[in-house]
2 protein chains.
Amino acid sequence: MGNPLPRDPIADAQRNWERHGWGDVAAPMAAITAIMRTQQILLARIEGVLKPFGLTFARYELLALLSFARSGALPMNKASALLQVHPTSVTNAVDRLQDAGLVVRSPHPTDGRTTLIELTAEGRTLAKSATAALNTEVFGQSGFAGQDVDQLIRILGNFRRNAGDFAD
Amino acid sequence: MGNPLPRDPIADAQRNWERHGWGDVAAPMAAITAIMRTQQILLARIEGVLKPFGLTFARYELLALLSFARSGALPMNKASALLQVHPTSVTNAVDRLQDAGLVVRSPHPTDGRTTLIELTAEGRTLAKSATAALNTEVFGQSGFAGQDVDQLIRILGNFRRNAGDFAD
DNA sequence: GCAATATACTAGGACATCCAAGGGTTTGGA
DNA sequence: TCCAAACCCTTGGATGTCCTAGTATATTGC
């Protein structure tokens with residue numbers, strides 16, 4: 001989307017914050033802005049790898065989640081909770097995955113309100129291929145040093161727990 | 001969007017990865033997934049604080065950027081580069097900010113291709129208020145320990161440099 | 001000087017996310 | 001037993017992001 005900038009725009013923002021008398025929150029501001037930007041970079045890489053499979057990250061995540069469920073099926077509300085996205089986002093993803101023949105909707109055997117999402121054979125195969133590609137091309141070359149990976153997992157894990165993501 | 005889960009879904013995913021023989025990339029996968037989720041949490045907090053001001057994060061970022069430019073004006077392509085988003089995203093944000101009377105478009109004095117975005121008095125005032133609110137309600141209570149903030153800035157700064165964000 | 005190339009912005013389209021609302025199903029207490 | 005409250009999914013609308021053209025203006029090179 002552009003060439004490298006001569007200077008780090010986030011470091012500049014941090015300096016601006018300090019210059020305006022907000023030095024006490026300049027560092028967390030910079031950290032949070034860096035998280036936003038890093039997410040954007042990673043998402044672009046992931047989408048790039050998934051594109052040849054006809055998948056987006058949102059759809060891949062759902063496919064991967066289903067592939068780890070023993071039965072290959074999950075209620076939509078369960079998927080929504082585990083992926084931590086709004087139920088309407090799951091509806092949207094399932095619509096498209098179903099159109100692509102990768103999942104099917106089936107009624108819950110005992111609860112008439114619930115819809116199960118079920119992986120098709122084709123969906124399971126594609127999930128495997130896409131995962132292999134992501135492992136090789138993204139996770140295997142994340143650009144994070146081993147020790148930094150551990151730091152990130154620890155720091156962000158604490159943050160997510162405090163934010164109410166999980167009780168653990 | 002939901003209550004806390006009994007267990008950390010990302011730690012579960014990491015275990016699944018290991019169980020399937022991808023132990024060598026399970027940790028980076030978990031770190032990257034955690035970044036995605038953390039971004040989502042932070043964005044929701046920020047949007048919540050900005051909503052009373054009639055702003056979204058994308059619009060706020062542009063407003064804040066302009067407020068730090070000495071003249072209060074920037075070419076659209078410059079804004080696109082500094083915010084590191086696609087030019088069409090800037091067009092979109094400017095359209096809405098202009099409708100709200102917070103910025104105006106003006107022609108570049110010497111380059112007929114370029115459009116300048118200029119902060120209005122109203123826009124400058126709102127930027128100040130919104131920044132104060134974000135500093136108090138988000139950056140001032142980020143939930144990150146002081147030392148962890150430094151770690152994040154360092155780790156993500158290295159990542160962004162390697163990703164080609166800036167030369168520095 | 002003029003054509004070819006590069007740059008700047010915008011229009012249209014595909015996706016994803018959230019919120020608000022609506023219709024069907026279960027559950028639980030009176 | 002039965003109705004209100006709770007729960008589940010979907011539809012419709014607002015935003016934001018990106019990509020692919022398309023139009024207009026500048027620059028370059030011959």
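Atoms considered below: every heavy atom in the structure, side chains included; atoms not considered: hydrogens, waters and symmetry mates.
Side-chain atoms of A:T115 do not come within 3.5 Å of backbone N or O of A:P107 as any donor-acceptor pair.
Atoms NZ (A:K51) and P (D:dT17) sit 18 Å apart, rounded to a whole Å. For the pair A:L55 CG and C:dA16 C1', the computed distance is 14 Å after rounding to whole Å. The CD-P distance, from B:Q84 to D:dT17, rounds to 13 Å in whole Å. Nucleotide C:dT17 holds its P atom 10 Å from the CG atom of A:L62, rounded to whole Å. At whole-Å resolution of the value, CD1 in A:I46 and C1' in C:dC15 are 16 Å apart. Between the P atom of D:dC8 and the CG atom of A:N92 lies a distance of 20 Å, rounded to the nearest Å. What separates CD1 of B:I117 from P of C:dA8 is a distance of 13 Å, to the nearest Å.
Where A:E47 and A:T110 each meet DNA chain C at their nearest nucleotide, the meeting point lying more 5' is that of A:E47. Residue A:F57 is the one, among A:F57 and A:G112, whose nearest nucleotide of DNA chain C lies closer to the 5' end (criterion: closest heavy atom).
Here B:D8 does not pair with A:R161 in a salt bridge; the nearest charged N to carboxylate O distance is not below 4.0 Å. Salt-bridge check for B:R96 with B:D99: failed, with every basic side-chain N at 4.0 Å or more from each acidic carboxylate O.
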Atom pairs, protein N/O to nucleotides 9-14 of chain C N/O, distance under 3.5 Å:
from   : atom 1 : to     : atom 2 : distance (Å)
C:dC9  : OP1    : B:M76  : N      : 3.4
C:dC9  : OP1    : B:T115 : N      : 2.9
C:dC9  : OP1    : B:T115 : O      : 3.3
C:dC9  : OP2    : B:N77  : N      : 2.8
C:dT10 : OP1    : B:R105 : NH1    : 2.4
C:dT10 : OP2    : B:T91  : OG1    : 2.7
C:dT10 : OP2    : B:R105 : NH1    : 3.2

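Between B:F159 and A:F144, the ring planes lie parallel to each other; the angle is under 30°, not in the 30° to 60° tilted range.
Within a 6.0 Å sphere centred on CZ of A:R7, other residues, nucleotides and ligands contribute 12 heavy atoms or fewer.
With hydrophobic clusters built from ILVMFWY side chains whose heavy atoms lie under 4.5 angstrom apart, B:I32 shares a cluster with A:I32.
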